[in-house]
Amino acid sequence: MEETYDPGKVEPKWQAVWKEKNSNRTITQTAHKKFYCLEMFPYPSGKIHMGHVRNYAIGDVIARYKRMQGYDVLHPMGWDAFGMPAENAAIKHGVHPSQWTHENISYMKTQLNKLGLSYDWDREVTTCTPEYYRWNQWFFIKMLEKDLAYRKSSYVNWCPSCTTVLANEQVIDTQCWRCDSIVVQKELEQWFLRITRYAEELLAACDGLTGWPEKVVLMQKNWIGKSYGVEVDFRIDGMDESIRIFTTRQDTLFGATFLCLSPNHPLASRLVPDTAELETVTAHYGKADEKIGLFTGHYCINPMNNEKIPVYIANFVLMEYGTGAIMSVPAHDQRDFDFAKKYNLPIRTVIVPEQERSGSEPRSSELHEAYEDEGVLVGSGMFSGTESAEARRKIAEFIEEKKIGKKVVNYKLRDWGISRQRYWGTPIPVVYCNSCGIVPVPEKDLPVILPEDVTFTGTGGSPLLEAESFIKTTCPSCGGAARRETDTMDTFVDSSWYFIAYCFSNGDIDFSSLNGERHSELKHWMPVDQYIGGVEHAVLHLLYSRFFTRVVRDLGIIDYSEPFQNLLTQGMVIKDGAKMSKSKGNVVDPDYLIDKYGSDTSRLFSLFAAPPEKDLDWSDKGVEGAYRFLNRVWNLVCKNINEIKSADPAESGVINPLDIPEPGRSLLRKTHQTIKKVTTDIEREYHFNTAIAALMELVNQTVSFEPQDKKDWLVFRFAVENILRLLFPFTPHMTEELWSLVNGQKSLSEEAWPVWDEETAKMDEIELVIQVNGKLRGKLMIPRGLSDEEIKQTAMSDAKVLEAIGSKAIRKVIIVKGKLINLVIGE
RNA sequence: GCCGGAGUGGCGGAAUUGGCAGACGCAAGGGACUUAAAAUCCCUCGUCAGCAAUGGCGUACCGGUUCGAGUCCGGUCUCCGGCACCA
């Protein structure tokens, strides 16, 4: 019976058993409590990395733990399968993106199964299949109907050599990541989703995200970026035209000494007809290095004091935020200050710190930098003497009364541009007809299939531009000749609703003909109870998903607004002080690790080395330690298997602690304490590292226990059975094998999570810590339930304590029940 | 610059509500077993003083509150993350 621990034998065996028994299938019983456990699905890049192992190990422990607790668990997995790398592989190696992607998926799926992850593969989704992406198109059509999708012209990163648009992430230091050409800004017609319609709701609901890390909620809030301010019209002198500016600092309006327009502002080209001149500023638009300005020759009138101030075009003014025009108050804004210094413009102080309020004169000459803090207004007409915050309120009122502007709320959040000039993505389902214009593809004609028969050159933009049979179509409206949209969707669209797709049984996604049963499936499983993934998605993916969930809600499909009840952002896997990455050459290959130690060891180490939300420092020696521990457990069971089996299982669960002498009694107590500790550690923010540490303590104590008689063996068996149950979610294969040796037929995956008995878990005696003036002076074992006076007398009987007290008088006695006594003595 | 987070042994990390600092693991040193090695087992392991019992010091730094502070408050330093010309 004394076999050595061989994960290479044990792990495939149990993976086959689980598959055969279909242990991981989703059971939907609406009367049961449900738990939807979801890990972020991977991009099928080729192989999984340690970050995946960590992410999925965390999710698998939670899923298995919840199943043992009697929940119906939904634990699905899928593939975020559209995207650039597949297209690059096509260009580089001549393999079709579809083939490349599906081969990767197939390999990575075997890797995930080798890790023993308990996914219900019946619900697998792959976003590059027509069955999946048709719903991207369907949602897009629905959003068009609701005016949530629209087309507009905007500036994008354009590589003139590859003739394609680049995502921001693909622009490295103003150069194209592929060909190193200088990327230029180009105005293009693009499709947008109107996420800004939900800006206020998305922001307000942030406060309800109590199951999310505060940091992530804050990042979402900052990204949405709400601010309160005013818009004010400045009339252009000598023209029947005015410029509308936005500011949050209307308290500084009297300090405006010039006005700046974005080079992309519609008025810019009218005020500066010389395009060459305007181009000198435009070329530096949005670049943080230097401030470039151009005087337009025009002036406008500050409506607060009727002052004439010059109008500039300035490269640092963003067209995308506010109105694309600002008033410049160099005394109280560092950017305006820098600009004023460069172009020799006046600087006028209108806010002074509180302590300088008494009769201060404006002191523009002294300023070395802008004073951006709050203060008291000076030189501001009827508002002088008012404190900043109060002045902002009053001036906003004044502006509205005089009808020179209005109060506004602004958001940094912009509409989501989803057009990509790439092949490997969801075709945007619209056609362009010469007579009807933009026509959506009717629902019945979906999906618009991405053609497979295209050529990849890497130049000349998307291969779809050359696919005449795809492009040429007929207008659904008039039947005339029409051209298809050749842009595809941003892949973030795919991942914005995949968690809803998993709720359909058998992977049979269908939003358009929801009957009662299908509806109730969605209702039953949504929202996700626990979502787990990397913090790098803290803004985009999570925000898009929150947006999409609301759109789906407003289509009447679900009645939840928030997709993810609880969010766990796991830390990175670090080795030698840096994130594991191919370029750093510090990767550990999961395949190698599984071959050498098995997946149980790999899982255990990645869960033990750090709490999930923190970065994990990889240590090869630490992995050895995890492997050693599993060997200890293995030997603990195998070396004692006959004695364990002969202890009656019916009795071992109901041992009366009073019948057991020490040290068996102590082991029994430890077992109950460990059940409690592991359970509460998992419940408390998934602190698996301390849960595993507690199990190691129990294993150590069990190993050193030497049973003397039958009662002792009952205690031993009880400890062993609980070690296996508690360890099962972490290392399912090894514990299944040992469980089958100890307990026969029933699989551990069908067993319940153990419960502890509070009374047995309690110590007979407590250790009393004795302090004198807060310093540790002694420890004593005392019976539970002594009175305060008895505790004091006991403490005072200790020789070391008496010595520490000496002849001094006791002034005060502080007793913490069951823990500590502090004797406070005089000097 | 703004907004977060974190600083605990040689290392990863524990310490649940203000109550024994360093659980558990790794590394290191010593020993047992062995012809030998691996594996395994036992002991030591914050720091200073001491043969020892024991005592002093110690959770980035300075100060405060408290009978008592890794934990709370004020200030300083360092590191990490996010955003960044958002008017």
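Proteins get letters first, then strands, A, B, ... in listed order; numbering begins at 1 in each.
- Nucleic acid contact class of Arg414(A) (heavy atoms, under 4.0 Å, all strands): base.
- Comparing atom distances between the Ala693(A) side chain and each of C67(B), A23(B), A21(B) picks out A23(B) as nearest.
- The side chain of Met696(A) lies closest to G25(B) when the candidates are A87(B), G25(B), G19(B).
- Judged by Watson-Crick or G-U wobble contacts below 3.5 Å, the nucleotide U54(B) has A49(B) as its partner.
- Within 4.0 Å of Gln334(A), counting heavy atoms only, lies no atom of the nucleic acid at all.
- In the set C57(B), C83(B), C3(B), C3(B) carries the atom at the smallest distance from any side-chain atom of Leu218(A).
- Residue Val539(A) is out of contact with every strand shown, counting any heavy-atom pair closer than 4.0 Å.
- Under the 6.0 Å cut-off for aromatic ring centres, Phe316(A) and Phe339(A) qualify, their centroids lying closer than that.
- Within 4.0 Å (heavy atoms only), Asp615(A) reaches sugar-phosphate atoms of the nucleic acid but no base atom.
- Shown here, G7(B) forms a base pair with C77(B); the pair counts as Watson-Crick or G-U wobble because both key distances fall under 3.5 Å.
- By the 4.0 Å N-to-carboxylate-O rule, Lys215(A) lies too far from Glu613(A) to be salt-bridged with it.
- For Leu318(A), the side-chain atoms get nearest to A87(B) when compared with the rest of G25(B), G19(B), A87(B).
- Backbone-only contact: Lys819(A) has heavy atoms under 4.0 Å from sugar-phosphate atoms and none from a base.
- In this structure, the nucleotide among C3(B), U16(B), G56(B) sitting nearest to the side chain of Arg777(A) is G56(B).
- For G25(B) and A36(B), the P atoms lie 29 Å apart once the distance is rounded to whole Å.
- With a 3.5 Å ceiling on both atom-pair distances, U16(B) lacks any Watson-Crick or G-U wobble partner.
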Walk me through whether Leu203(A) and Lys221(A) qualify under side-chain contact (heavy atoms from CB on, under 4.5 Å).
CA-CA 6 Å; Leu203(A) 180 70; Lys221(A) 282 184 178 173; 3.9 Å; yes
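- With C1' as the reference atom, U76(B) and U66(B) are 23 Å apart, rounded to whole Å.
- When Watson-Crick and G-U wobble pairs are counted only if both distances are under 3.5 Å, U35(B) pairs with no nucleotide at all.
- Using a 4.0 Å heavy-atom distance criterion, Lys412(A) is classed as a base contact.
- Proximity note for Asn822(A) (side chain, C-beta onward) versus A87(B), C24(B), G68(B): the nearest is G68(B).
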Hey, mind stepping through Arg197(A) and Asp415(A) against salt bridge (charged side-chain N to carboxylate O under 4.0 Å, His left out) and telling me if it holds?
CA-CA 9 Å; Arg197(A) 189 186 284 175; Asp415(A) 280 337; over 6 Å; no
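- Of the P atoms belonging to G9(B) and C62(B), the separation is 15 Å, rounded to the nearest Å.
- Minimum atom distance to the side chain of Asn700(A) is reached by G25(B), of the listed G12(B), G25(B), C83(B).
- Between U40(B), C24(B), G4(B), one nucleotide has an atom nearer to the side chain of Lys215(A) than all others, and that is G4(B).
- Using cut-offs of 30° and 60° for the angle between ring planes, the Tyr627(A) and Tyr5(A) rings count as tilted.
- For Thr690(A), counting side-chain heavy atoms from C-beta on, the closest listed nucleotide (A14(B), A87(B), G13(B)) is A14(B).
- Contacts of Ser227(A) with the nucleic acid, taken as non-hydrogen atoms under 4.0 Å apart, involve only primed sugar atoms and P, OP1 or OP2.
- The same atom, P, is picked in C11(B) and in G74(B); the two are 30 Å apart, to the nearest Å.
- Contact of Lys812(A) with C67(B) (side chain to base): no donor-acceptor pair of N or O atoms is detected under 3.5 Å.
- For the pair Ile791(A) and Ile821(A), the tightest heavy-atom approach, listed with the atom from each and the gap, is CG2-CD1, 4.0 Å.
- Note on Phe629(A): nothing from the nucleic acid sits closer than 4.0 angstrom, heavy atoms only.
- With a cut-off of 3.5 Å on both Watson-Crick or G-U wobble distances, the partner of G29(B) is given as C43(B).
- Contact annotation: side chain of Gln771(A) to base of C20(B), donor-acceptor pair absent below 3.5 Å.
- Remark: the separation of the C1' atoms in G22(B) and G7(B) is 16 Å, to the nearest Å.
- Checked against G19(B), G25(B), G13(B), the side chain of Pro611(A) finds its nearest nucleotide in G13(B).
- Only the C1' atoms considered, G5(B) is 23 Å distant from A21(B), to the nearest whole Å.
- For G9(B), the O4'-C1' to base torsion is within 90° of 0; the nucleotide is therefore syn.
- Between Tyr312(A) and Phe295(A), the ring planes lie tilted relative to each other; the angle falls in the 30° to 60° range.
- On the P atoms, G18(B) is 29 Å away from G10(B), given to the nearest whole Å.
- If you check every strand for non-hydrogen atoms under 4.0 Å, Gly322(A) touches nothing.
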